[in-house]
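Just so it is clear, the model here is predicted, and its values are computed rather than measured.
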Amino acid sequence: MFNSLSDRLTATFKNLRGKGRLTEADIDATVREIRRALLDADVAVPVVREFTAGVKERALGTEVSEALNPSQQIVKIVNEELVKILGGQTRRINMAKTGPTIIMLAGLQGAGKTTLAGKLSHWLKAQGHTPMLVASDLQRPNAVNQLKVVGSRAGVPVYAPHPGVTSEFDTVTGDPVQVARDGVAEARAKLHDVVIVDTAGRLGVDAELMAQARNIRDAINPHEVLFVIDAMIGQDAVNTANAFNEGVDFTGVVLSKLDGDARGGAALSVASVTGKPIMFASTGENVTDFEQFHPDRMASRILDMGDVLSLIEQAEQTWDKAEADRMAQKFVDREDFTFEDFLAQMQQIRKMGSMKKLLMMMPGAAQMRQQLEAFDEREIDRVEAIVRSMTPHERVAPKIINGSRRARIAKGSGVTVSEVNQLMERFAQAQKMMKKLANGQMPGMPGGMQVPGMAAAGGAKKKNAKGNNKKKKGSGNPAKRAQQEQAAQQKAQAAKGSAFGQQNNQDFDMKDMNLPKGFEKFLGN
């Protein structure tokens with residue numbers, strides 16, 4: 001959603017690189033470009049004025065003039081000011097000390113409250129809580145049925161005593177306030193520690209909507225009132241947020257549809273305008289497309305500095321520790337990397353979610369946005385199909401996969417033989433890299449440079465007197481070279497004889513020992 005803003009800011013900072021000193025004109029030009037980028041991203045005008053004023057004031061001070069790298073200091077200032085307008089610090093749910101924690105959802109119709117209720121309950125369940133959903137939206141057609149569906153996907157029970165309406169022409173039956181009150185009592189009786197109340201919305205802010213939301217709040221006395229806002233709503237986001245803040249006095253904001261391609265600057269203005277923090281972000285349709293909002297990490301994403309911390313947290317939540325330990329042990333034992341291992345690692349990565357989203361969390365991802373957008377998620381499915389079309393023996397011994405086997409694998413996986421060949425080539429490269437790492441070598445370094453403290457497999461070669469591994473060349477004179485070779489053989493025989501407790505006897509012949517055929521290779525002959 002913030003691709004355009006990110007591109008504009010990144011391009012602005014590029015103009016500052018290489019300058020050892022920044023003049024006031026440089027700072028004015030930079031702040032002017034930042035102002036234009038924010039306004040183009042639909043950020044509220046009062047927020048833009050406050051932001052640029054803070055950046056300019058700090059940029060003209062000693063903070064930049066005395067810095068070793070002024071351009072980097074400007075980026076640091078912009079990052080810190082951006083964190084400030086996004087809320088400053090991460091805001092977590094205030095859990096009740098006794099009884100269930102009551103969370104009320106409020107917002108306009110179509111903002112995504114019902115979908116968010118399922119995502120939030122799934123997220124809380126993963127945190128070890130036992131949430132329950134309450135269907136208090138009896139006005140929107142099929143709102144109750146939708147909540148039941150998302151609750152089923154999240155694996156969370158739904159309290160829905162009234163079916164609601166099935167079309168806009170039906171008469172609303174049941175009292176939403178009473179349903180909310182009874183739902184909280186039901187959650188308390190069944191020992192649920194969190195209850196999430198889904199309320200009705202309107203197409204616009206009106207007195208009836210606010211009155212109903214206020215009555216539900218007074219009836220259940222929630223610990224958290226989350227205002228759900230569509231990140232694609234535009235400049236009206238600020239007005240809507242102010243209206244709900246006055247009407248129900250919400251405690252936190254949830255941004256939904258953050259994966260859209262609209263300009264989302266207005267949604268980012270909500271925290272600064274209302275003074276209420278953004279707590280969560282929703283980025284898709286699945287119940288897992290939900291994350292806690294961290295202002296510092298979002299600022300890093302906007303400035304194309306990546307979000308490695310979120311990437312690590314996501315990996316820790318989904319990664320199988322037993323599988324990771326198995327791979328680590330296999331690496332230590334220097335066992336071959338097989339297609340079975342490749343398949344297991346690919347499945348672990350798929351648990352983390354969309355590859356595009358994961359790659360966009362990497363620093364500098366904006367510079368490769370076109371390549372990432374062109375990436376086909378189905379490519380992973382095709383690779384998995386190729387591997388699964390192999391026999392168990394082929395997966396652990398890929399060298400046996402000849403032309404006929406490749407044709408069979410291609411036919412079984414629905415791809416071409418060239419695609420199978422490409423995968424085999426990439427896999428062979430991965431195997432070589434794994435072997436180099438296991439042997440203590442860093443791939444891509446000159447001469448296969450070894451990692452300090454690790455010896456290469458097979459031990460190091462013995463060096464000659466000059467410190468190199470080259471063999472001594474023989475003389476160019478045939479007679480003299482023959483003498484040198486004979487002397488070398490005598491010297492070698494003497495060394496071998498002494499190693500086995502024998503004296504230096506030139507008449508000694510290995511044939512006299514009557515050894516088994518081929519055994520002489522173990523004695524060095």
[X] side, atom [atom1]; [Y] side, atom [atom2] - distance, nearest 0.5 Å:
{"X": "Arg92", "Y": "Thr90", "atom1": "CZ", "atom2": "OG1", "answer": "5.5 Å"}
{"X": "Ile401", "Y": "Asn421", "atom1": "CD1", "atom2": "CG", "answer": "10.5 Å"}
{"X": "Gln429", "Y": "Met424", "atom1": "CD", "atom2": "CE", "answer": "12.0 Å"}
{"X": "Leu38", "Y": "Arg36", "atom1": "CG", "atom2": "CZ", "answer": "12.5 Å"}
{"X": "Leu86", "Y": "Asp296", "atom1": "CG", "atom2": "CG", "answer": "9.5 Å"}
{"X": "Arg91", "Y": "Gln89", "atom1": "CZ", "atom2": "CD", "answer": "10.0 Å"}

Minimum heavy-atom separation for [X] to [Y], with atom names?
{"X": "Val156", "Y": "Lys125", "answer": "CG2-CD, 4.4 Å"}
{"X": "Leu133", "Y": "Ser121", "answer": "CD2-CB, 3.9 Å"}
{"X": "Val287", "Y": "Val150", "answer": "CG1-O, 4.5 Å"}
{"X": "Gly110", "Y": "Lys257", "answer": "O-NZ, 2.9 Å"}
{"X": "Ala160", "Y": "Ala135", "answer": "CB-CB, 4.0 Å"}
{"X": "Leu105", "Y": "Leu116", "answer": "CD2-CD2, 4.3 Å"}

Do [X] and [Y] have side-chain heavy atoms sitting under 4.5 Å apart?
{"X": "Leu423", "Y": "Phe339", "value": "yes"}
{"X": "Met279", "Y": "Val253", "value": "no"}
{"X": "Ser413", "Y": "Arg382", "value": "no"}
{"X": "Ile386", "Y": "Ile409", "value": "yes"}
{"X": "Leu124", "Y": "Ile196", "value": "yes"}
{"X": "Ile34", "Y": "Thr30", "value": "yes"}
{"X": "Val43", "Y": "Ser269", "value": "yes"}
{"X": "Phe280", "Y": "Gln292", "value": "yes"}

For Lys84 and Glu80, what are the C-alpha separation, side-chain angles and deciding distance, and is it a salt bridge (Lys or Arg N to Asp or Glu O under 4.0 Å)? CA-CA 6 Å; Lys84 189 184 296 183; Glu80 291 174 354; over 6 Å; no

If we count only N and O atoms by modelled type, under 3.5 Å, do the side chains of [X] and [Y] hold a donor and an acceptor together?
{"X": "Lys119", "Y": "Ser282", "answer": "yes"}
{"X": "Thr338", "Y": "Asp341", "answer": "yes"}
{"X": "Asp230", "Y": "Ser256", "answer": "no"}
{"X": "Ser389", "Y": "Arg408", "answer": "no"}
{"X": "Thr283", "Y": "Asp289", "answer": "no"}
{"X": "Thr288", "Y": "Asn286", "answer": "no"}
{"X": "Gln146", "Y": "Arg140", "answer": "yes"}

Could you please spell out the steps behind the side chain to side chain contact (heavy atoms under 4.5 Å, CB included) verdict for Val195 and Val134? CA-CA 7 Å; Val195 54; Val134 177; 3.5 Å; yes

Under a 3.5 Å distance rule, please check whether Glu425 uses its side chain to pair with a backbone N or O of Gln422 as donor and acceptor. no

With distance as the sole test, does Asp137 use its side chain to make a donor-acceptor pair with the main-chain N or O of Asp198 at under 3.5 Å? no

Should Val270 and Leu255 be marked as a side chain to side chain contact (heavy atoms under 4.5 Å, CB included) after you check the CA-CA gap, both sets of side-chain angles, and the distance that decides it? CA-CA 10 Å; Val270 171; Leu255 298 180; 5.7 Å; no

For Arg405, look at atom CZ and say whether over 12 heavy atoms of other residues, nucleotides or ligands are found less than 6.0 Å away. yes

Using a strict 4.0 Å threshold on nitrogen-to-oxygen distance, state whether Arg406 and Glu419 make a salt bridge. no

Going through the distances and angles, do Val194 and Met132 end up as a side chain to side chain contact (heavy atoms under 4.5 Å, CB included)? CA-CA 6 Å; Val194 179; Met132 187 183 83; over 6 Å; no

Please test His129 against His192 for side chain to side chain contact (heavy atoms under 4.5 Å, CB included), starting from the C-alpha separation and ending with a verdict. CA-CA 8 Å; His129 297 284; His192 291 279; over 6 Å; no

